[in-house]
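For reference, the structure is listed below as structure tokens.
The figures that follow rest on heavy atoms only: side chains count, while hydrogens, waters and symmetry mates do not. All residue numbers refer to positions in the sequence shown, counting from 1.
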Amino acid sequence: MKKIILVFSLVLGALTSNAQDGAKALIKNSPFHFFDGTFNMSYEKAISNSKSLNFSGGFHLQDNSWSSEDDIGWIGELQLRKYLINFKKQKSVLSGVYVAPYIKGAYFRSEGEDWWYVQENGYYDENNLWIEEVGYYNSYSKEIKNIQGGLLMGAQLLFGNIISLEVFLGGGIQYAEVEGFNSDYYNTSDMKEYTGVIPRIGFNIGAAF
């Protein structure tokens, strides 16, 4: 019991120290990425009174049982943030309005199989039933590599110098390479495969430490 009280006191002391001195580092999560089957975390560290580095990484894993397709992938991003406006009531340099050039890279791989129909002239099967249409299972795999660079603008607010909320928007240019075959032709609008100007918008929630 004494050990539990000691650990709790140390954690509470660290949080209290953050609240007094102002948060110098944040770890954050992007809840919207869960809808895409991606777990995305970011770490932001102050490097001066108005600048910070923000690293983020994500792991994508999705099993689409309805189409027998499995997706896996990794995402990495680096931002250099410049805080233009700091919220005066908060001590942390990580609270305010910022602009950030960024570079982002990703790799994805999908594998699966689809049932393909082939129209025939027709024939009688062994049960003397007339068959007009036959098909076969087609296996496929696809790899996607993309790299993206651009500019973001966002606002980050700290509550008690402990809990952070962040929103941002912006955009950049993405170049993508696609290798392999995917029979799902309805998926040609997938942004992971897109080359060109691409918008960015997002939301993060995190904590200081």
Side-chain angles (χ1 to χ4, degrees), residues 4-62 71-108 146-174 191-192 198-209:
I4 297 176
I5 294 175
L6 178 61
V7 171
F8 180 77
S9 300
L10 291 174
V11 173
L12 183 60
L15 293 177
T16 304
S17 176
N18 266 339
Q20 292 174 348
D21 301 334
K24 302 297 184 183
L26 300 170
I27 186 166
K28 297 171 283 186
N29 176 257
S30 174
F32 291 155
H33 277 81
F34 289 118
F35 295 102
D36 187 40
T38 303
F39 180 75
N40 191 85
M41 297 290 294
S42 60
Y43 170 75
E44 184 177 4
K45 175 70 175 178
I47 57 175
S48 74
N49 290 332
S50 61
K51 295 180 182 178
S52 71
L53 286 175
N54 190 86
F55 306 89
S56 64
F59 175 66
H60 175 76
L61 182 63
Q62 198 167 33
D71 294 328
I72 190 170
W74 296 268
I75 306 166
E77 182 178 341
L78 173 63
Q79 301 175 16
L80 174 59
R81 295 186 172 184
K82 168 67 175 178
Y83 281 85
L84 305 176
I85 301 173
N86 288 100
F87 299 136
K88 295 181 179 180
K89 293 184 179 181
Q90 299 188 339
K91 299 178 181 179
S92 176
V93 299
L94 302 179
S95 179
V97 178
Y98 66 84
V99 294
Y102 73 90
I103 185 168
K104 179 181 180 181
Y107 169 83
F108 301 95
N146 62 47
I147 187 168
Q148 183 184 142
L151 187 69
L152 300 175
M153 186 169 186
Q156 186 160 257
L157 180 65
L158 271 68
F159 296 92
N161 274 314
I162 298 175
I163 304 299
S164 69
L165 292 177
E166 174 190 1
V167 293
F168 64 85
L169 57 86
I173 299 175
Q174 177 173 281
M191 295 300 289
K192 298 190 293 289
I198 191 167
R200 292 282 305 276
I201 186 170
F203 168 76
N204 290 311
I205 183 170
F209 69 98

Result block: side-chain N/O donor-acceptor pairs under 3.5 angstrom for residues 33-41, not counting sequence neighbours:
{"unit_1": "H33", "atom_1": "ND1", "unit_2": "S30", "atom_2": "OG", "d": "2.6"}
{"unit_1": "T38", "atom_1": "OG1", "unit_2": "H60", "atom_2": "ND1", "d": "3.0"}

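- Both tests pass for R200 against the ring of Y102: distance under 6.0 Å to the centre and angle within 45° of the axis.
- Put simply, the side chain of N86 never gets that close to the backbone of G96: no donor and acceptor are under 3.5 Å apart.
- Nearest heavy-atom pair, A106 versus I75, reported as atom, atom and distance to 0.1 Å: CB-CG1, 4.1 Å.
- Every residue two or more places apart in sequence or in another chain was checked for a side chain to side chain donor-acceptor pair (under 3.5 Å) with Y43, and none qualifies.
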Distance-only donor-acceptor pairs under 3.5 Å for side chains of residues 46-53, two or more places apart:
{"unit_1": "S48", "atom_1": "OG", "unit_2": "S50", "atom_2": "N", "d": "3.3"}
{"unit_1": "S48", "atom_1": "OG", "unit_2": "K51", "atom_2": "N", "d": "3.1"}
{"unit_1": "S50", "atom_1": "OG", "unit_2": "K82", "atom_2": "NZ", "d": "2.9"}
{"unit_1": "S52", "atom_1": "OG", "unit_2": "E44", "atom_2": "OE2", "d": "2.7"}

With a cut-off of 3.5 Å and sequence neighbours excluded, list every side-chain donor-acceptor pair involving residues 202-209.
{"unit_1": "N204", "atom_1": "ND2", "unit_2": "E166", "atom_2": "OE1", "d": "3.3"}

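- Atoms OG and CZ, from S92 and F87 in turn, are 11.5 Å apart once rounded to the nearest 0.5 Å.
- For the side chain to side chain donor-acceptor pair (under 3.5 Å) test, residues two or more places apart in sequence or in another chain that qualify with Q174 are Q148.
- Here the straight-line distance linking atom OG of S42 with atom CD1 of I27 works out to 8.0 Å at 0.5 Å rounding.
- Screening residues 99-108 for salt bridge (Lys or Arg N to Asp or Glu O under 4.0 Å), with sequence neighbours left out, gives no hits.
- Across all non-hydrogen atoms, the minimal contact from F55 to L78 is CE2-CD1, 3.4 Å.
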